[in-house]
Amino acid sequence: MIPSLLIANRGEIACRIIRTARAMGIRTIAVFSTADANALHVREADEAVAIGPAAARDSYLLPANILAAARESGAAAIHPGYGFLSENADFAQAVIDAGLIWVGPNPDSIRAMGLKDAAKARMIAAGVPVTPGYLGEDQSPDRLAAEAARIGYPVLIKAVAGGGGKGMRQVDDAGAFADALASCRREAAASFGDDRVLIEKYILAPRHIEVQVFGDRHGQVVHLFERDCSLQRRHQKVIEEAPAPGMDGETRASVCAAAVTAARAVDYVGAGTIEFIADASQGLRADRIWFMEMNTRLQVEHPVTEAITGQDLVEWQLRVAAGEPLPCTQDELAIHGHAIEARLYAEDPAKGFLPSIGTLEAFDLGDPAESGVRVDTGVEQGSVISPFYDPMIAKLIAHGATREEARERLADALDEAIVWPVRCNAGFLVEALDHPDFVAGRVDTGLIAREGEALMPPALPSEEALIAAATALTGPAFVPGLRLNAAPRRAGMFLLDGQPIAIDFAEADEADEAITTSVLMSEGGQTWALAPFRAAGKAAGGASDGAILAPMPGRVIAVDVAAGDAVVRGQKLLTLEAMKMEHSLTAPFDGTLAELNAAVGAQVTEGTLLAKIAEA
Ligand code: ADP
């Protein structure tokens, strides 16, 4: 067995690999950029080596730095995870040349599948069905346009070096072809340094079906059945499941056999995925499923396959890399139940899915022992989500005897997720899992785009949740169900994630145990903070001691006063930026600025005393 393993990655996949390696008694070595010095994967590994600055191209993507870290730490093997250098054949070769074990396929297999056009040509030669299209050398716009017309619109232009959903353009008619080609080329040149494209028939209502394959150095290749990754947003997977809904035994046998043929055609060793596209307009049919590409690494969505087969794919990878035969033969593998995975992204669905960054002041995805839902994550409460890397912060994987059982478990777990003040897509995932088409297994890659608005989680918490939170802030005696018979109601002013909101709630009997800073409320996968309005120094008529507290974690972006200044009631003192919004903090009464603890640029936590006004 491998004695020590360097994981050339970060985040959840680094933690995932460390977990299995540790269980196998392998010494684990993490690498980290300056932005990740306090990251979870660094703490979970036995050792960690710094590899450079925050930008991935200067750290995680630099082969020389990774190899130096391996030398320094005496690592025997390198696992690349996914993304970063995982499909870089030159890096794989450099690892091998350095006398280390590369946990992945032979560099030649990576090369053979690296470019979409060459891979398709190779698959055609091996007898694997591929999507109808044009793979030619002639890249002149005229020839490409003629080929598009021959294939028949709509077509898809794809960068041959593309990946991650980038460098693709759907073209619906000949008139739009020239512009789409030019913009696809620009994106391909910028993202992949290669502006060549291929053209494919655009499959309407397609499903993304992929097959997990595994090879060893003893000539064995097996498949571990299929996954369905049809739920995508902008060609990026959001929810994946195994097995594929509606897949009959005969079709499965055919597509899995094609996947094994594809893997054998490139002498595949280790974990790989053969991606197919299915025209599911008449259900899944063997003659309407075509090879799209091969991913020569472990996939993000591998846990659904682990759940239904009961195998640990990272353990398989490490055994195969050590030269052992595959742990199972094809006959020993079977599907048990159903599994669904959801990808949790630090992004704000309400703002066009803009990535959301900052400190995870609250982060709770539930206890797997209670929910039965596996959580793979690279962060924890207190972690900082930086703008440098992929915004995926966790994966939740539910397994059940039936698809419905898995779906309900996953939706329940996401419903209770608490992530704050960083925004996440949990509310959106809950809506997607509960969508009638998803419930019925009618999935295709266009579902999210079509249903966009319908999948948007509510902008505000329910009235019930607001009242409960308002009551928690003012006192514990309130019972929502008894509201009509309870204390007299009144309208109070609060701050909901920094925005003023009036809540009609019942005043509690005993206010002495009231929470004075803020409460988090979570509903449908979304989390909001409710704070008393006065915390921002805007005491609504009530007494104030003149303390100007930060109503939420944020960054001071302007300070308009200096210590000792005379201020008047309502005068702007400073501006806090939180949740990408600006909040002005004003003087609650006339006086002088007795204390100023804030400087422009300072990161402050909730409740920090920023300034203090002394009465004049
Ligand atoms: P990438 O390498 O960037 O991930 P893929 O070739 O794997 O690109 O395609 C990504 C997604 O784009 C697929 O999962 C599918 O949703 C969509 N797609 C790809 N090819 C086609 C096609 N010919 N017709 C319709 N949709 C397609």
Side-chain angles (χ1 to χ4, degrees), residues 82-83 86-88 110 112-124 128-135 144 147-148 150-172 177 180 184-185 187-188 190-212 226-241 244 255 259 262 272-281 284 288-301 341 343 390 392 432 443-450:
Y82 54 67
S86 63
E87 294 183 280
N88 182 323
I110 301 178
M113 290 299 193
L115 291 176
K116 288 183 201 279
D117 57 343
K120 280 181 78 174
R122 191 126 175 194
M123 290 303 110
I124 293 170
V128 175
V130 307
T131 325
Y134 171 72
L135 303 172
L144 292 168
E147 291 292 343
R150 177 187 61 79
I151 295 161
Y153 286 95
V155 298
L156 194 64
I157 307 175
K158 280 188 187 179
V160 303
K166 275 218 188 103
M168 286 200 284
R169 292 290 182 286
Q170 178 186 343
V171 192
D172 294 329
F177 188 82
C184 185
R185 283 221 156 122
E187 185 172 309
S191 301
F192 315 111
D194 181 345
D195 76 349
R196 287 174 302 148
V197 299
L198 59 85
I199 301 175
E200 273 180 12
K201 174 98 192 140
Y202 189 82
I203 313 296
L204 293 167
R207 277 175 66 178
H208 177 117
I209 304 288
E210 58 181 39
V211 177
Q212 177 71 55
E226 82 281 1
R227 296 183 284 258
D228 187 314
C229 312
S230 295
L231 232 64
Q232 304 182 349
R233 207 181 69 76
R234 301 185 178 213
H235 298 305
Q236 294 209 27
K237 298 164 186 170
V238 175
I239 290 176
E240 304 103 340
E241 58 185 306
V255 67
T273 294
I274 315 286
E275 295 190 333
F276 296 89
I277 188 161
D279 170 352
S281 51
L284 289 174
R288 296 212 180 160
I289 302 182
W290 299 285
F291 170 87
M292 205 159 40
E293 67 169 350
M294 178 170 195
N295 289 321
T296 51
R297 52 167 165 83
L298 191 67
Q299 298 273 93
V300 173
E301 58 273 22
E341 172 183 281
R343 300 188 186 194
D390 190 283
M392 192 181 79
V443 284
D444 70 73
T445 59
L447 190 140
I448 287 179
R450 260 194 325 275

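Every heavy atom of this structure was used, including side-chain atoms; hydrogens, water molecules and symmetry mates were not. When a ligand or atom number is given, it counts from 1 through the structure's own listing order. These numbers come from a predicted model, not from an experiment.
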**Student:** Check for a donor-acceptor pair, side chain of Glu210 on one end and backbone N or O of Ile274 on the other, with a separation under 3.5 Å.
**Tutor:**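 A pair under 3.5 Å: no.
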**Student:** Taking only heavy atoms of Thr445 into account, list the atoms of ligand 1 that are under 4.0 Å away from them.
**Tutor:**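 Going through ligand 1 atom by atom, the ones under 4.0 Å from Thr445 are 16 (O).
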**Student:** When only distance counts, is His235 in polar contact with ligand 1, meaning an N/O pair under 3.5 Å?
**Tutor:**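 The answer is yes, given that His235 and ligand 1 share an N or O pair closer than 3.5 Å.
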**Student:** Show the atoms of ligand 1 that are less than 4.0 angstrom away from any heavy atom in Glu275.
**Tutor:**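 Heavy-atom distances to Glu275 below 4.0 Å select 7 (O).
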**Student:** Please list the nearest protein heavy atom to atom 27 (C) of ligand 1 with its residue and the distance rounded to 0.1 Å.
**Tutor:**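 Checked against all protein heavy atoms, atom 27 (C) of ligand 1 sits closest to Ile277 CD1, 3.2 Å.
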**Student:** Do ligand 1 and Ile203 have nitrogen or oxygen atoms that lie under 3.5 Å from each other?
**Tutor:**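 Among all N and O atoms of Ile203, at least one is under 3.5 Å from an N or O of ligand 1.
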**Student:** Using the side-chain contact (heavy atoms from CB on, under 4.5 Å) criterion, which residues pair with Arg122? Sequence neighbours excluded.
**Tutor:**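 With neighbours one apart ignored, the set is Ala112, Val266.
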**Student:** Can Arg207 and Asp279 be counted as an ion pair, charged N to O under 4.0 angstrom?
**Tutor:**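 Judged by the 4.0 Å cut-off on N to carboxylate O distance, Arg207 and Asp279 do not form a salt bridge.
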**Student:** May I ask you to say whether Arg150 pairs ionically with Glu147, meaning some side-chain N is under 4.0 Å from a carboxylate O?
**Tutor:**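 Looking at Glu147 together with Arg150, the answer is yes, because their closest N to O distance falls below 4.0 Å.
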**Student:** Taking Asn295 for its side chain and Arg297 for its backbone only, find out whether a donor-acceptor pair lies under 3.5 Å.
**Tutor:**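 No: the side chain of Asn295 does not pair with the backbone of Arg297.
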**Student:** Between Gln170, Lys158, Glu293, flag the one that comes closest to atom 6 (O) of ligand 1 by a heavy atom.
**Tutor:**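 Ranked by closest heavy atom to atom 6 (O) of ligand 1, first place is Lys158.
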**Student:** Heavy atoms only: which of His208, Lys116, Lys166 lies closest to atom 2 (O) of ligand 1?
**Tutor:**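 It is Lys116 whose heavy atom sits nearest to atom 2 (O) of ligand 1.
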**Student:** Strictly below 4.0 Å, N to O, side chains only: are Glu341 and Arg227 in salt-bridge contact?
**Tutor:**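 No, no charged N to carboxylate O under 4.0 Å.
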**Student:** Look at atom 16 (O) of ligand 1 and find which of Arg234, Gln232, Met168 reaches it with the closest heavy atom.
**Tutor:**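 The residue whose heavy atom sits nearest atom 16 (O) of ligand 1 is Gln232.
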**Student:** Is there a nitrogen or oxygen of Glu200 sitting under 3.5 Å from a nitrogen or oxygen of ligand 1?
**Tutor:**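 So ligand 1 has an N or O lying under 3.5 Å from an N or O of Glu200.
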**Student:** What is the distance from atom CD of Gln170 to atom OH of Tyr153, rounded to the nearest 0.5 Å?
**Tutor:**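 Nearest 0.5 Å value for the CD-OH distance: 12.0 Å.
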**Student:** Could you state the interatomic distance from CG (Leu144) to CZ (Arg196), rounded to the nearest 0.5 Å?
**Tutor:**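 One finds 12.0 Å between CG of Leu144 and CZ of Arg196.
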**Student:** Could you identify the single nearest non-hydrogen protein atom to atom 3 (O) of ligand 1 and state the distance to 0.1 Å?
**Tutor:**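 For this ligand atom, the closest protein heavy atom is Gly165 N, 2.6 Å.
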**Student:** Could you tell me, atom by atom, which parts of ligand 1 come under 4.0 Å of a heavy atom of Leu156?
**Tutor:**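 Heavy-atom distances to Leu156 below 4.0 Å select 18 (N), 19 (C), 20 (N), 21 (C), 22 (C), 27 (C).
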